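To start, the structure itself, in structure tokens.
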Amino acid sequence: MKRKNEPSFRESVDMMFNRAVALMDLPPGLEEKIRVCNATYTVRFGVRLRGQIQTFTGYRSVHSEHMEPVKGGIRYAPSVNQDEVEALAALMTYKCALVEAPFGGSKGGLCIDPRQYDEHELEQITRRFAYELAKRDLIHPSQNVPAPDMGTGEREMAWIADQYARMNTTDINARACVTGKPLNAGGISGRVEATGRGVQYALREFFRDPRDVEKSGLSGKLDGKRVIVQGLGNVGFHAAKFLSEEDGAIVTGVIERDGAVFNPAGLDVEAVHHWIAGHGGVSGFPDATFVPEGASLLEEDCDILIPAALEGVINMSNAARVKAPLIIEAANGPITAGADDVLRQKGTVIIPDMYANAGGVTVSYFEWVKNLSHIRFGRMQRRQEEARHQLVIDELQRLDDYLGDAWSMSPDFKDKYLRGAGELELVRSGLDDTMRIAYQSMREVWHDRADVQDLRTAAYLVSINKVAASYRAKGL
Ligand code: GLU
């Protein structure tokens, strides 16, 4: 949505892109070719609901086909519009390039408030939308592979997969037409929490380099850092949960639709999540101060701010008052181009969306590969790996027996070492590796180039270079 004195989301993404390409030496014309959205398909379809035909408007935008299939989620929200879908599709191109997921960028959306419909109605609407897209190869295992986004999840992906399979009865790879499916419909372990996990891995990598931490004005490790998260949906919830349960971060504030809750001693993220599910919002949550004007908490003192909801929440109207020295964009486009300027001038370090929330598409990539290979990760090697580990354990056991009281294996070493990696462990390992390597590629540019002041520009430079290399290889 366009705010006063503020560029639209699409314009914001273009402005950030332009800032980066100004520092590059791309052949004339290529810059424009990469920036523009290749095509946006708009569909209006009717579904008979509650005795009358209701018309819905949906979009699927393809930003760049330098690699195929193109990839990106489908969003259900009343605010969905062409500008937004195109901005999100562009971000998908850059995101996939940055984390080396071999896809072009795409995004879809349906103008709908899913809370106004029951499950059966949503299924009818989703199947019809999927039919319209699949008919035009805008859902297709080798052309265009959607995934969940705001307002959609495993359930919708299962309907889409089934709809595609009904329309393509002999396609052996039908399941690879969409990712984010439930496990029993061809999904992969760890996809639901993947974006939140990715945010956690991103922060861990940030805190591994004291130079980066210093640039933000923070010090030390993640342990004890005060975190405020906006949006306790799938991404915000998992990020906040993992950071507080596994890294010692203290989640002091949660901003939701109906207001915010704040407790400097830390909130129990699971409990807040549970409360929202039961009460429809955070209001009334015990052991915390309720702040009716939720957005004001974006300006509260904290170490790490995690906007994990809508785009444009940090804009020209509040950017100057945002105190967090470190912001990680778990949502797509939460900071407008104008706010980005203000924050950069203040020295705020921003871990940009195209990297920070790339965990989702990374695990989508693993799911797509799993679907195409028709085998669960780890199925062939797990027991063999365990058998080899058993050999080591047996030798250590001999030593243990021989040395008596002088030495013994640590209590849970045997169990931990013996267990061969199953699908979930492999997915986590692949995601961790991806997040580290992608961060390191941005870090290198950020530290080495005097003309690059921020991680977002570094991220754009890395990803645009990769997209440009693909086009060059194609002879374009
Ligand atoms: N909707 C997610 C995103 O914006 C996931 C996309 C995908 O898995 O293809 O990155």
Side-chain angles (χ1 to χ4, degrees), residues 9 13 59-64 67-77 80 84-110 133 138-154 156-157 160-161 175-182 186-188 190-199 201-202 231 233-236 238-239 307-311 328-334 351-371 427 430-431 434-435 438 459 463:
F9 186 13
V13 171
Y59 305 91
R60 186 76 182 162
S61 175
V62 174
H63 174 259
S64 174
M67 283 201 186
E68 285 179 316
V70 292
K71 189 96 191 71
I74 290 184
R75 170 174 292 201
Y76 282 5
V80 161
E84 179 190 66
V85 170
E86 291 186 354
L88 291 165
L91 281 175
M92 284 309 303
T93 296
Y94 310 135
K95 192 185 304 191
C96 291
L98 186 63
V99 296
E100 300 188 330
F103 304 125
S106 182
K107 199 80 170 201
L110 189 64
L133 296 181
L138 290 166
I139 297 176
H140 191 285
S142 59
Q143 300 276 293
N144 197 324
V145 182
D149 200 79
M150 245 171 61
T152 58
E154 288 191 325
E156 287 72 17
M157 301 308 116
I160 293 174
R175 281 184 155 180
C177 75
V178 64
T179 58
K181 302 176 292 291
I188 194 167
R191 174 62 184 88
V192 173
E193 67 272 30
T195 313
R197 255 299 157 220
V199 171
Y201 290 161
N234 181 39
V235 180
H238 284 109
L310 271 178
E311 56 259 17
I328 177 159
E329 295 182 312
N332 285 308
I351 303 181
D353 47 8
M354 79 169 76
Y355 164 71
N357 66 40
V361 75
T362 300
V363 178
S364 275
Y365 168 40
F366 302 154
E367 179 176 334
W368 182 73
V369 170
K370 175 188 179 182
N371 294 151
V427 162
L431 177 58
T434 303
M435 295 308 290
S463 67

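Atoms within each ligand, like the ligands themselves, are counted from 1 in listed order. The figures that follow rest on heavy atoms only: side chains count, while hydrogens, waters and symmetry mates do not. Here the structure is a predicted model, which is why all the values come from computation and not from measurement.
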Consider every N or O of Thr179 and every N or O of ligand 1, then say whether any pair is closer than 3.5 Å.
-> no

With the side chain counted from C-beta on, respond yes when Val192 and Asn234 share a heavy-atom pair under 4.5 Å apart, and no when they do not.
-> yes

What are the atoms of ligand 1, with element, lying closer than 4.0 Å to any heavy atom of Gly360?
-> 8 (O)

Separation between CG of Leu133 and CD1 of Ile139, rounded to the nearest 0.5 Å = 4.5 Å

Rounded to the nearest 0.5 angstrom, the OG-CZ distance for Ser64 and Phe103 is 14.0 Å

Tell me, which protein residue and heavy-atom name are nearest atom 8 (O) of ligand 1, and how many Å apart are they?
-> Ser364 OG, 2.6 Å

Ranked by distance from atom 9 (O) of ligand 1, the top protein heavy atom is Lys71 NZ, 2.9 Å

Shortest heavy-atom approach to atom 5 (C) of ligand 1 - which of Glu367, Met354, Arg191, Met92 | Arg191

Under 3.5 Å, is there a donor-acceptor pair linking the side chains of Arg191 and Ser364?
-> yes

Check whether the side chains of His63 and Ser61 place a donor and an acceptor atom closer than 3.5 Å, and report yes or no.
-> no

Does some side-chain heavy atom of Phe9 sit less than 4.5 Å from a side-chain heavy atom of Leu91?
-> yes

So between Cys96, Pro69, Gly73, whose heavy atom ends up nearest atom 6 (C) of ligand 1?
-> Gly73

Val361 heavy atoms within 4.0 Å reach ligand 1 at atoms 7 (C), 8 (O), 9 (O)

Minimum-distance protein heavy atom relative to atom 7 (C) of ligand 1 = Ala147 CB, 3.2 Å

Per-atom contacts, ligand 1 versus Asn332 - under 4.0 Å to a heavy atom | 4 (O)

Whether over 12 other heavy atoms sit under 6.0 Å from Tyr59 OH = yes

Ligand 1 atoms in contact with Lys107 (distance to a heavy atom under 4.0 Å) | 1 (N), 3 (C), 4 (O)

List every atom of ligand 1 that sits less than 4.0 Å from any heavy atom of Pro148, numbering the atoms from 1 in the order shown and giving each element.
-> 1 (N), 2 (C), 5 (C)

Which residue and heavy atom of the protein sit nearest atom 3 (C) of ligand 1, plus the separation = Lys95 NZ, 3.4 Å

Do Glu311 and Asp353 have side chains that get closer than 4.5 Å, going by heavy atoms?
-> no

